[in-house]
Amino acid sequence: MSAQSAGESGEVAAPYGTGPAAAPPAPGRKVRIHHLRELKERGEPWPMLTAYDMYTAELFDEAGIPVLLVGDSAANNVFGYDTSLPVTVDELLPLVRAVTRSAKRALVVADLPFGSYQLSPEQALATAVRFMKEGRAQAVKLEGGRRFAAHVEALTSAGVPVMGHLGFTPQSEHNLGGYRVQARGEAADALLADALALQEAGAFAVVMEMVPAEAAKRVTHELKIPTVGIGAGPDCDAQVLVWQDMAGLRRGKAPRFVKRYADLAGVLQGAATAFAEDVRRGEFPAPEHAFH
Ligand SMILES: Nc1nc(=O)c2c([nH]1)NC[C@@H]1CN(c3ccc(C(=O)N[C@@H](CCC(=O)O)C(=O)O)cc3)CN21
Ligand SMILES: CC(C)C(=O)C(=O)O
Ligand SMILES: [Mg+2]
């Protein structure tokens, strides 16, 4: 339905992504949520990465990543916690500010951390407003399905674009029994019902984490808004990874859904080792590094 016919029939148009298909963003122009809807309609998959600081935001933006997520996964990839649960709004806000200052084109999504939105739609809006006003984020993300439809609606009607997150939701790891695949078998119907409820509440996209590829494919076909997979198979509209997994900075056994595109841990370890040896041998600084 076009925006015009919605007006003539007296219906209230949904806040986002329901207008006529818009052109994809021109190079150098800011990515908007309707561009992502347009990519879905054209069947063009798009990439999303986490970013938590200036250099990664600049590099990923220039590499053509249209959406950057300042994930609550900063908990275990920046701050050194063992899970996502301890990280706070006050810890994440400076990271969101760094990323939004640095990304010229990418749309920046701020992940709402555990405890900062679950209490009520009012709490969710108060937290989202901080990420938008102080962090300059263009959207926020929160975890949960039907039970959070009212929260999503409060945000979207206040002008805050919301990305949902279903399947394995790390903030509920204690309830879900650890890092496990979700929505197997019968539970695939509940996944679809949750996704439809988020779309109905005004979400502009939905992340699906660690769900069977078949379930993710079905949700992707049933939704008008884009799905973003992480361990959800090849049929999602978009794919997201934590950047330290993607670039091989994080060591140890990676989850099955990770593909490593570089060995940053090896590169950095090698650079630091070479620097240390140079200093110990008296070879750094050389004359050209000193002032006379
Ligand atoms: N670096 C990093 N990457 C992530 O993908 C990530 C984070 N951190 N922090 C927040 C959450 C936690 N996530 C995780 C963490 C571990 C597994 C994991 O160990 N998966 C195993 C077991 C799966 C199973 O037993 O079913 C795997 O092999 O995929 C999965 C997702 C995803 N998110
Ligand atoms: C893995 C993505 C989707 C996330 O929520 C995060 O990085 O916090
Ligand atoms: Mg997260």
Side-chain angles (χ1 to χ4, degrees), residues 46-53 56-57 60 65 67-89 91-92 95-96 99 107-118 127-128 131 137 139-144 148 162-185 187 195 198 203-213 215-216 226-233 236-262 264-265:
W46 47 274
M48 171 165 133
L49 283 173
T50 64
Y52 313 99
D53 70 2
T56 54
F60 300 161
I65 306 292
V67 183
L68 296 177
L69 172 68
V70 185
D72 63 338
S73 55
N76 62 300
N77 295 288
V78 174
F79 293 111
Y81 299 119
D82 55 347
T83 75
S84 298
L85 300 190
V87 77
T88 64
V89 172
E91 286 173 316
L92 289 179
L95 311 190
V96 173
V99 170
L107 186 146
V108 178
V109 181
D111 215 2
L112 304 186
F114 179 61
S116 74
Y117 62 92
Q118 288 92 344
T127 302
F131 279 113
V140 302
K141 181 166 86 52
L142 57 79
E143 297 183 5
F148 290 91
V162 179
M163 180 177 278
H165 186 159
L166 296 172
F168 176 66
T169 46
Q171 293 175 18
S172 306
E173 61 157 302
H174 299 298
N175 240 350
L176 299 176
Y179 300 146
R180 297 169 57 183
V181 175
Q182 305 293 313
R184 284 201 191 278
L198 293 176
F204 75 91
V206 180
V207 170
M208 291 190 282
E209 179 163 350
M210 284 212 287
V211 303
T227 60
V228 183
I230 173 163
C236 296
D237 299 303
Q239 298 290 334
V240 61
L241 286 175
V242 168
W243 86 258
Q244 291 93 339
D245 296 343
M246 181 278 302
L249 182 56
R250 186 175 75 123
R251 291 175 301 171
K253 189 180 178 293
R256 175 184 166 88
F257 54 75
V258 168
K259 181 174 175 184
R260 275 178 165 229
Y261 290 85
L264 279 204

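By convention here, the first residue in the shown sequence is residue 1. When a ligand or atom number is given, it counts from 1 through the structure's own listing order.
Contacts of Asn77 with ligand 1, taken as heavy-atom pairs under 4.0 Å, involve the side chain alone. The part of Asp111 lying near ligand 2 is the side chain, judged by heavy-atom distances below 4.0 Å. Heavy atoms of Gln244 found under 4.0 angstrom from ligand 1: none, in either backbone or side chain. The backbone and the side chain of Pro255 each have at least one atom closer than 4.0 Å to an atom of ligand 1 (non-hydrogen atoms only). With a 4.0 Å heavy-atom cut-off, ligand 2 is reached by no atom of Val228. Proximity of Leu241 to ligand 2, defined as any heavy-atom pair under 4.0 Å, is not found for any part of the residue.
Contact analysis leaves Glu173 out of contact with ligand 1, as no non-hydrogen atom separation drops below 4.0 angstrom. Put simply, no part of Met48 is less than 4.0 Å from ligand 2, judged by heavy atoms.
Close approach of ligand 1 to Ser84 (heavy-atom distance below 4.0 Å) involves ligand atoms 10 (C). Of all the atoms in ligand 2, the ones that sit under 4.0 Å from a non-hydrogen atom of Gly71 are 6 (C), 7 (O), 8 (O). Distances below 4.0 Å separate heavy atoms of Thr50 from the following atoms of ligand 2: 7 (O).
Checked by atom type and distance alone, the side chain of Asn76 never pairs as donor or acceptor with a backbone atom of Thr83 at under 3.5 Å.
Nearest-heavy-atom check against atom 29 (O) of ligand 1 across Arg250, Arg180, Arg256 picks out Arg256.
Distance check for Asp111 against the Mg ion (ligand 3): an N/O/S atom falls below 2.8 Å.
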